[in-house]
*Asks:* 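Encoded as structure tokens, here's the structure I'll be asking about.
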Amino acid sequence: MRATTLLNNVLGIKFTRVTGAQFTADGLVCDVEPTTEIPRCGGCGHQVRKVYDQRKPRRWRHLDLAGMSLELQYSPRRLCCSRCGVTTEMVPWADPMSWFTHAFEETVGYLAQMASKTVVSAMMRVAWATVGAIIGRVVERRLPHDILDGLTHIGVDELSYRKHHKYVTIVVDHVTGRVVWAREGKNADTLRTFFQELGSERCALLQAVTIDMSNAYISAVSESATNTQIIFDRFHVQRLVHDALDEVRRAEVRTIEDPEERSALKHTRFALQKNPWNLTGIERAKLTELPKANATLYRAYLLKESFAAILDRRQPNVALAKLEEWISWATRSGLKPFAKAARTIGRHLDGIVAYVASGLSNARSEGTNGKVRTITRRSYGLHGASSLIALIHLCCSGLALQPVHTWPRIHQT
């Protein structure tokens, strides 16, 4: 068997012919060329017969062969395209402006989904910055042409990825559970960019958006998707009340002079914050003694528990009436943290009742954030938002990458 025939079978790249090969200090270099007679424009992909000139030989990294580096070498032609002007021809083994073959990039993408930064860089023998650029091309190539099409229920949340308040805004499709959009920033302009890309027609199809009580997000949704129901995430709503309870506890601890009593009240924090069914025996005993030990803190605890019970309801009209009663109770309770929380809840009452009616929350978004944080830790941090966004789409947008395998071309006679 001729060496070129052997390498043709080993590479297994469609519309590609091996014309020669030579060893270098780094590994094996195969001379290749497209088998198509008429070249295609690297910009628009249309066939172009008029050749402008031919460039110097260029190399593309391919998957290693028997543990050694393998590169493909070809002198690409420059074409006179009527649409794009003078451009370099498209080659079947790689994307335009890429120095790596499709098989190499798909393998890097698969490893980046599954492994750490060190494993990917060491196994593929490329720098981590190069991995980020490759991931961006894989995501662009493999994601659906219009991933924003068909959205009806979405969740919006922000993710902190570096110190000094560096954030990325992530949009999740509640129906599929996949990330459909991500951009750097967490202000109103960032979310407005999403709605601009979505377009006015598709914005009109949105039925519900789950967000936290950020004024920036509320403003962007209200301006861009006027017919969409805003639903406030239960976790962020209930956290207002939990924070108010903790403020009352700390204030009460500061007023107690006896060290033993102060220590006992101080250590009720977790018992007060937990759900009743998750309490241990010791924590139940602490709460049993609380009405006698500190009536003010016990009143704050009852406000917290009653608010959670209201959010557990599934009758919007009943929940609205109960919330109004709770706001009145919290306002008249004499507890300033709860009065402040009540004012905030009163301003966002419609979105809270919408949660009771729909049951939608940002649980999917929070789950996605947890996955993204794992990816960030696995990568030992990311210096730029673009690399993080590419990894988010790679790992959280439903892309199912597989290792690249090649089978020999067996010709039957």
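Predicted model only: the values in this text are computed from it and were never measured. When a residue number appears, it is its place in the shown sequence, counting from 1.
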*Asks:* With a 4.5 Å limit on heavy-atom distance, are the side chains of Cys41 and Met90 in contact?
*Replies:*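 No, their side chains stay 4.5 Å or more apart.
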*Asks:* Around atom CG of Asp350, are there more than 12 heavy atoms of other residues, nucleotides or ligands at under 6.0 Å?
*Replies:* no
*Asks:* Report the distance from atom CH2 of Trp60 to atom CD of Glu71, rounding to the nearest 0.5 Å.
*Replies:*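 Rounded to the nearest 0.5 Å, the CH2-CD separation comes to 11.0 Å.
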*Asks:* Can you confirm whether Tyr167 is buried at OH, in the sense that more than 12 heavy atoms of other residues, nucleotides or ligands lie under 6.0 Å from that atom?
*Replies:* yes
*Asks:* Kindly determine whether His242 and Lys304 satisfy side chain to side chain contact (heavy atoms under 4.5 Å, CB included), including the steps that lead there.
*Replies:* CA-CA 7 Å; His242 281 258; Lys304 187 267 290 188; 3.8 Å; yes
*Asks:* Would you say CZ of Arg55 has more than 12 non-hydrogen atoms from neighbouring residues, nucleotides or ligands within 6.0 angstrom?
*Replies:* no
*Asks:* Evaluate the criterion side chain to side chain contact (heavy atoms under 4.5 Å, CB included) for residue pair Phe194 and Arg183; output intermediate values, then yes/no.
*Replies:* CA-CA 9 Å; Phe194 165 74; Arg183 287 292 185 281; over 6 Å; no
*Asks:* Would Gln113 and Leu399 satisfy side chain to side chain contact (heavy atoms under 4.5 Å, CB included), going step by step from the backbone distance to the final call?
*Replies:* CA-CA 9 Å; Gln113 281 186 330; Leu399 292 181; 4.1 Å; yes
*Asks:* Would Asp95 and Arg141 pass as an ion pair if we require N to O under 4.0 Å?
*Replies:* yes
*Asks:* Residues two or more places apart in sequence or in another chain: which of them pass side-chain contact (heavy atoms from CB on, under 4.5 Å) with Ser361?
*Replies:*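 Ser361: side-chain contact (heavy atoms from CB on, under 4.5 Å) contacts with Asp233, Tyr355, Ala363.
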*Asks:* Hey, are Asp157 and Asn369 close enough side-chain-wise for a donor-acceptor pair under 3.5 Å?
*Replies:* yes
*Asks:* Between the side chains of Glu105 and Thr101, does any donor sit under 3.5 Å from an acceptor?
*Replies:* no
*Asks:* If I compare all heavy atoms of Ala182 with all of His393, which pair ends up nearest, and what's the gap?
*Replies:* N-NE2, 4.1 Å
*Asks:* Contact between Arg313 and Lys322 at the side-chain level, heavy atoms closer than 4.5 Å - yes or no?
*Replies:*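 Yes; the side chains approach each other to less than 4.5 Å.
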*Asks:* So, are Glu89 and Arg77 salt-bridged, with charged N and O less than 4.0 Å apart?
*Replies:*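 A salt bridge is present here (some side-chain N lies under 4.0 Å from a carboxylate O).
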*Asks:* Flag the pair Asp26 and Arg59 as a salt bridge only when some basic side-chain nitrogen lies within less than 4.0 angstrom of an acidic carboxylate oxygen.
*Replies:* no
*Asks:* Determine, for Asp246 against Arg239, whether the closest basic-nitrogen to carboxylate-oxygen distance falls under 4.0 angstrom.
*Replies:* no
*Asks:* Got a sec, which residues hit side-chain contact (heavy atoms from CB on, under 4.5 Å) with Leu360, two or more places apart in sequence or on another chain?
*Replies:*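 Leu360 satisfies side-chain contact (heavy atoms from CB on, under 4.5 Å) with His153, His174, Ala208, Thr210, Ile231, Ser358 once adjacent residues are dropped.
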*Asks:* State plainly whether the residues Asp173 and Arg364 are in salt-bridge range, i.e. N to O under 4.0 Å.
*Replies:*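 Between Arg364 and Asp173 there is no salt bridge, as every charged N stays at least 4.0 Å from the carboxylate O atoms.
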*Asks:* Just do the side chain to side chain contact (heavy atoms under 4.5 Å, CB included) check on Ser214 and Glu158 with the steps written out, would you?
*Replies:* CA-CA 10 Å; Ser214 163; Glu158 77 276 357; 5.8 Å; no
*Asks:* Hey, is CZ on Arg49 packed in by over 12 heavy atoms from elsewhere, all under 6.0 Å?
*Replies:*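 Incorrect, the count does not exceed 12.
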*Asks:* Using every non-hydrogen atom in the two residues, find where Asp64 and Leu70 come nearest and quote the distance to one decimal.
*Replies:*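 Heavy atoms of Asp64 and Leu70 come nearest at OD1-N, 4.3 Å.
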*Asks:* Would the Tyr74 and Trp93 ring centres measure less than 6.0 Å apart?
*Replies:* yes
*Asks:* Please name all residues satisfying side-chain contact (heavy atoms from CB on, under 4.5 Å) with Thr374, sequence neighbours left out, ordered by chain then number.
*Replies:*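 So Thr374 forms a side-chain contact (heavy atoms from CB on, under 4.5 Å) with Arg377.
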*Asks:* Cationic tip of Arg299 within the cone over Trp329's six-membered ring, i.e. under 6.0 Å and within 45° of the normal?
*Replies:*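 That pair does not qualify as a cation-pi contact.
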*Asks:* Hey, are Arg137 and Glu106 close enough for a salt bridge, meaning a charged N less than 4.0 Å from a carboxylate O?
*Replies:* no
*Asks:* Salt bridge check, Lys274 against Glu283: does any charged N sit closer than 4.0 Å to a carboxylate O?
*Replies:* yes
*Asks:* Step through it carefully: locate the ring centre of His348, locate the ring centre of Phe232, and say whether they are under 6.0 Å apart.
*Replies:* yes
